[in-house]
Amino acid sequence: MQPQRERREVRSGSGWMGMGKGAGPSALGIGQILSVFLCIFPAVSLQCKILKCNSEFWATTSGTHHSGPERAPEFCTALRAYAHCVRRTARTCRGDLAYHSAVHGIEDLMSQHNCSKEGPTSQPRPRTSTPDSQERSDSPEICHYERSFHKHTAPPNYTHCGLFGDPHLRTFGDDFQTCKVRGSWPLIDNKYLYVQVTNSPVLPGSLATATSKLTIIFKNFQECVDQKVYQAEMDELPAAFVDGSRNGGDRHGANTLRIVEKMPGQHIEIQARYIGTTIVVRQVGRYLTFAVRMPEDVVNSTEDTENQGLYLCLRGCPQSERIDFRTFRARAAESHVAAGGGNRGSVSVEAFTYKSAVVKCKERLPVEDLYFQSCVFDLLTTGDVNFTLAAYYAFEDMKILHSNKDKFHIFERTGDLTPGNSAPGRPSSPSSLSALHFLALLLWIQCGLMHL
């Protein structure tokens, strides 16, 4: 058994920083207070973009921790640009507490730094990365997951979970399920990390859903990282946390948590080395995909054991939320009517028959495993060809993140499974049951004769 590292949680205070007398113009408190509001009120309207305004302001003012006359014009320019951005969100954010907090915070900062409301609003040039943005070699050992194990100890076992498409879930235990799970659901909830997804209908009134919003909360941990919140939505895949930063804050091991932008607006990777975890988030078409690589001891570090059943990556979807797409596929194969299709604006939509969906999915996924079957299912239910790419990228991410190449491909099971599972086995036929009963009878008779 692997020794688990002793970890203690550190609760950091939160509140307005940079608001008192002599405060520097970085105004980091705006980022902190909005992060707190996001955690307390996660169901923020998808149309409200107040956090984007906050991130832009923080990125242009962080690193300026000392006030002075020479910095005042630059800071006031950034503050006016921030105020202008916030005003543009007034209509969609008027009922949002984070919005009202930002409005009052801007007024306070304007007064403290004698900034005029009239003047240039162009953003100062964003700060460039410094050597500190790289992972420090002198970070505490506890902030490097693999280094914390003794040399003679077996290396940790890593597991993988992924969510993509309409939606399809691969759990840490390599169970593959297709689920309804409309609305907000927790994917991961342990001592170090919380991940929640929101799935929305692909079309108004449609039963098909896909991930439209993703919230990831990295909980504060010893001298390594402050609490950080990452949020992605449809058409917005930021390369920074909601406070505008790209690492774990001001602690000594902060750079063991960082965001790496692989492709702007389409692909980011979050590296949390202090817990040995890598997260990949993509936007494919309009919707999001999620994949994670995590050590087993981190996976099982669940605080609330009574609610583990709601932790989808660990326990899977509730039986009532699972879809048997084997039955769906069989019905689709018998039907010659094209499914999917419809008007979805700029999204590429086609009407697919079962055969045409198979041909399309074969282009990217030649092996007829459950990733391939998921692709076919999504084309039949949505008609959106972007779901082909979602299944393809989910498989490619899994190959990078999964530690066992023998489990890359998952196929439909041949044994009986519980009702509602996405990969049920074939039921025993009456003839096979009769044969088994006959053999049992012969054995019983033979045993009886031997005892005569």
Side-chain angles (χ1 to χ4, degrees), residues 35 38-39 42 135 143-146 156-165 167-172 174 184-199 211-221 224-233 236-243 245-249 253-284 287-302 311-314 390 393-403:
S35 298
L38 175 63
C39 299
E135 187 175 335
C143 299
H144 297 268
Y145 180 80
E146 292 189 353
N157 293 321
Y158 289 92
T159 57
H160 162 73
C161 176
L163 185 78
F164 66 97
H168 309 283
L169 172 71
R170 179 169 181 159
T171 70
F172 284 128
D174 291 314
S184 296
W185 291 78
L187 275 182
I188 298 173
D189 188 4
N190 58 45
K191 291 182 179 179
Y192 316 110
L193 183 67
Y194 178 81
V195 180
Q196 177 178 281
V197 293
T198 300
N199 301 311
T211 302
S212 58
K213 185 176 180 180
L214 175 71
T215 301
I216 305 172
I217 301 176
F218 295 89
K219 303 174 184 180
N220 55 38
F221 175 60
C224 302
V225 299
D226 298 322
Q227 177 167 290
K228 291 290 178 175
V229 180
Y230 178 81
Q231 186 178 53
E233 301 175 2
E236 187 174 341
L237 186 68
F241 296 109
V242 297
D243 63 5
S245 65
R246 293 195 178 198
N247 71 358
N255 289 305
T256 57
L257 172 63
R258 60 178 186 151
I259 296 180
V260 179
E261 188 173 49
K262 298 291 187 177
M263 185 174 294
Q266 297 183 39
H267 181 193
I268 65 103
E269 182 175 296
I270 304 178
Q271 300 168 356
R273 297 186 187 279
Y274 68 102
I275 52 173
T277 296
T278 300
I279 295 174
V280 175
V281 182
R282 295 179 184 267
Q283 175 163 315
V284 184
Y287 299 100
L288 303 173
T289 69
F290 170 86
V292 63
R293 180 179 189 257
M294 184 178 289
E296 284 185 351
D297 69 313
V298 176
V299 167
N300 295 316
S301 65
T302 306
Y311 174 176
L312 299 188
C313 275
L314 184 62
Y393 285 127
F395 180 71
E396 293 299 307
D397 290 337
M398 180 276 304
K399 288 195 298 182
I400 296 172
L401 300 174
H402 204 293
S403 59

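All values below were derived from every heavy atom in this structure, side-chain atoms included, with hydrogens, water molecules and symmetry-related copies excluded.
For the pair D297/Y145, a side-chain contact is recorded, criterion being any heavy-atom separation below 4.5 Å from C-beta on. The closest side-chain heavy-atom distance from F241 to L257 is below 4.5 Å. Side chains of T211 and F290 form no contact here, defined as non-hydrogen atoms less than 4.5 Å apart. With contacts defined as side-chain heavy-atom distances shorter than 4.5 Å, the pair I216/Y194 does not qualify. Using a 4.5 Å heavy-atom cutoff, the side chains of V292 and F172 are in contact. Contact of the Q196 side chain with the K213 side chain is not registered, since no non-hydrogen atoms from C-beta on lie closer than 4.5 Å. Residues Y311 and N190 are in side-chain contact: their nearest non-hydrogen atoms beyond the backbone lie under 4.5 Å apart. Residues T159 and S403 are not in side-chain contact: their nearest non-hydrogen atoms beyond the backbone lie 4.5 Å or more apart.
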Start with the C-alpha gap between I270 and T277, add the side-chain angles, then the distance that decides, and say whether side chain to side chain contact (heavy atoms under 4.5 Å, CB included) holds.
-> CA-CA 8 Å; I270 304 178; T277 296; over 6 Å; no
Would you check, one step at a time, whether the test side chain to side chain contact (heavy atoms under 4.5 Å, CB included) holds for I279 with L193?
-> CA-CA 11 Å; I279 295 174; L193 183 67; 4.2 Å; yes
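In terms of heavy atoms, E233 sits closest to L288 at O-CD2, 4.0 Å. Summarising the geometry of Q231 relative to T215, their closest heavy-atom pair is NE2-OG1, 3.6 Å, with the distance given to 0.1 Å. The two residues G253 and C143 come nearest to each other via the heavy atoms CA-SG, 4.0 Å. The two atoms that bring A390 and V284 nearest to each other are N-CG1, 3.7 Å, heavy atoms only. Considering all non-hydrogen atoms of both residues, A240 and I259 come closest at C-CD1, 3.6 Å. In terms of heavy atoms, N199 sits closest to P167 at ND2-CG, 4.1 Å.
Between the Y230 side chain and the P238 main chain, a donor and an acceptor come within less than 3.5 Å of each other. In this structure, the side chain of K228 does not engage the main chain of R258 through any donor-acceptor pair within 3.5 Å.
Atoms CD1 and OH, from I275 and Y192 in turn, are 8.5 Å apart once rounded to the nearest 0.5 Å. In this structure, CZ on R282 lies 8.0 Å from CE on M263, to the nearest 0.5 angstrom. Atoms NE2 and CE, on H160 and M398 in that order, are 6.5 Å from each other to the nearest 0.5 Å. Rounding to the nearest 0.5 angstrom, the gap separating the CD atom in Q283 from the CD atom in Q266 is 8.0 Å. Here the CG-CE distance, from L401 to M294, works out to 11.0 Å after rounding to the nearest 0.5 Å. Residue L187 holds its CG atom at 11.5 Å from OG1 of T171, rounded to the nearest 0.5 Å.
Using bins of under 30°, 30° to 60° and over 60° for the plane-to-plane angle, the ring pair Y274/F221 lands in the parallel bin.
Between D397 and R293 there is no salt bridge, since no side-chain N of the basic residue sits under 4.0 Å from a carboxylate O of the acidic one.
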